[in-house]
Amino acid sequence: MTRIILTRHGETLWNLEKRVQGSMDSPLSPTGVWQARRLALRLRDEGIGHLYASDAPRARATAEEIRRELGLSEIIETPYLREFSFGEWEGKVWSELRSAQPDVFAVWDTEPHRVRVPGGETMQGVSDRAWGFLEKVIEWHRGETVCLVSHGLTVKLLMTRAAGFAVHEWSKTPWQFNTAVNILELREGILCPVVVADGSHLNP
């Protein structure tokens with residue numbers, strides 16, 4: 001059976017500071033490193049044969065913990081798994097942006113698929129980008145288990161699509177916390193979610 005394991009990187013310093021990351025980056029926090037190691041242990045017996053990651057350093061660092069634990073030879077980096085680009089918002093604190101642009105956030109909070117920050121992407125564009133790559137991974141690795149390390153909004157959009165929802169229905173799927181595990185299985189040509197946003201590996 002073809003199985004896809006989707007996960008998000010560990011906590012970063014900017015996550016702690018509540019800054020917009022998007023296509024920019026910040027290193028994993030100590031907690032983020034611990035989360036990545038716990039994730040690697042969680043995935044040890046899943047039979048993963050190939051490991052892909054966003055080319056953002058935070059995703060690569062998380063994937064490296066998985067690669068080391070599983071004894072895989074490489075991590076294949078790709079821009080197709082990058083986070084949603086927030087353009088001019090990146091590097092800024094979310095609360096400060098909200099105070100400065102209340103009209104924009106009134107739309108963002110209810111219909112984010114309608115918002116395009118200057119220099120950034122749309123949710124539909126990110127969904128198409130990442131889903132197109134996911135379809136290629138399935139073609140390349142029929143009958144295998146593959147792990148993809150990506151980002152919160154990108155993984156959420158992929159899981160929204162896998163659940164059969166449109167982009168504007170993205171709130172119907174759970175938020176993807178750091179290192180949340182999602183497992184999809186290809187059954188009769190249909191990609192079916194069997195595990196969604198599981199964080200049990202982070203329990204004490």
Side-chain angles (χ1 to χ4, degrees), residues 4 6-15 17-28 32 52-63 75-138 147-180 182 184 191 193 196-197:
I4 302 295
L6 284 171
T7 188
R8 181 188 176 192
H9 60 80
E11 178 190 78
T12 69
L13 297 181
W14 278 13
N15 288 154
E17 296 173 5
K18 302 194 183 305
R19 290 186 183 275
V20 183
Q21 288 190 121
S23 60
M24 295 180 71
D25 200 74
S26 68
L28 297 183
Y52 290 83
S54 157
D55 55 2
R58 62 190 184 275
R60 168 74 195 215
T62 302
I75 300 167
I76 304 171
E77 296 183 45
T78 173
Y80 291 103
L81 292 176
R82 287 178 183 171
E83 180 60 300
F84 179 101
S85 173
F86 288 92
E88 293 180 357
W89 287 2
E90 294 183 355
K92 298 177 181 177
V93 177
W94 280 106
S95 60
E96 294 174 357
L97 285 169
R98 285 184 172 278
S99 296
Q101 303 180 42
D103 293 343
V104 175
F105 274 89
V107 180
W108 175 262
D109 288 339
T110 56
E111 299 179 290
H113 59 283
R114 293 177 50 208
V115 176
R116 184 176 199 140
V117 181
E121 294 179 285
T122 63
M123 292 178 72
Q124 186 65 58
V126 173
S127 176
D128 291 344
R129 157 168 60 81
W131 189 263
F133 180 74
L134 179 58
E135 290 181 323
K136 290 181 180 178
V137 168
I138 292 171
C147 180
L148 307 177
V149 182
S150 186
H151 304 267
L153 186 49
T154 302
V155 174
K156 182 171 171 58
L157 288 170
L158 284 171
M159 293 306 295
T160 296
R161 196 155 177 166
F165 299 127
V167 166
H168 71 273
E169 299 176 291
W170 78 302
S171 62
K172 293 183 178 180
T173 57
W175 176 243
Q176 298 290 325
F177 295 96
N178 293 110
T179 71
N182 305 269
L184 304 168
L191 205 55
V196 180

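The structure displayed is predicted, hence computed values, not measured ones.
Put simply, the side chain of L153 reaches to within 4.5 Å of the side chain of W170, judged on heavy atoms. Proximity of E121 to R129: side-chain heavy atoms (C-beta onward) are separated by under 4.5 Å at one or more points. In this structure, the side chains of M159 and L184 come closer than 4.5 Å at one or more pairs of heavy atoms.
In this structure, H168 NE2 and Q124 CD are separated by 10.5 Å, a value rounded to the nearest 0.5 Å. To the nearest 0.5 Å, atoms OG1 (T154) and CZ (F84) are separated by 9.0 Å. Taking OG1 of T173 as the reference point, atom CG of L157 lies at 8.0 Å (rounded to 0.5 Å). Atoms NZ and OG, from K156 and S171 in turn, are 6.5 Å apart once rounded to the nearest 0.5 Å. Put simply, OG on S95 and NZ on K18 are 9.5 Å apart, with the number rounded to the nearest 0.5 Å. One finds the CZ atom of F105 at 5.0 Å from the CG atom of L97 (value rounded to the nearest 0.5 Å).
Heavy atoms only, all atoms of each residue included: S150 and V155 are closest at CB-CG2, 3.7 Å. The shortest heavy-atom contact between T7 and A180 is OG1-O, 2.8 Å. For the residue pair H9 and N15, the shortest heavy atom distance occurs at CE1-OD1, 3.8 Å. Nearest heavy-atom pair, M24 versus W14, reported as atom, atom and distance to 0.1 Å: CE-CH2, 3.7 Å. When all heavy atoms of A63 and A53 are compared, the closest pair comes out as CB-CB, 3.8 Å. Across all non-hydrogen atoms, the minimal contact from P102 to S99 is CD-O, 3.6 Å.
Applying salt bridge (charged side-chain N to carboxylate O under 4.0 Å, His left out) to D25 and the options R60, R58, R82, R19 leaves one that passes, R58. Each of L134, T78, L158, I76 was compared with L148 under the side-chain contact (heavy atoms from CB on, under 4.5 Å) criterion, and only L134 meets it. Each of V117, D109, V115 was scored for a side-chain contact (heavy atoms from CB on, under 4.5 Å) with V104, with one residue passing: V115.
Here the side chain of T122 pairs no donor or acceptor atom with the backbone of R116 at under 3.5 angstrom. Of the possible polar contacts, one joining the N182 side chain to the A197 backbone as a donor-acceptor pair under 3.5 Å is found.
Checked against the 6.0 Å centroid threshold, W94 and F86 count as a close aromatic pair. Aromatic pair Y52/Y80: centroids not less than 6.0 angstrom apart.
Side-chain contact annotation: K172 with T160, donor-acceptor N/O pair under 3.5 Å absent. The closest side-chain donor-acceptor pair between E83 and S54, if any, does not fall under 3.5 angstrom.
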### Task
Check the pair D128 / R161 against side chain to side chain contact (heavy atoms under 4.5 Å, CB included), numbers first and verdict last.
CA-CA 10 Å; D128 291 344; R161 196 155 177 166; 2.9 Å; yes
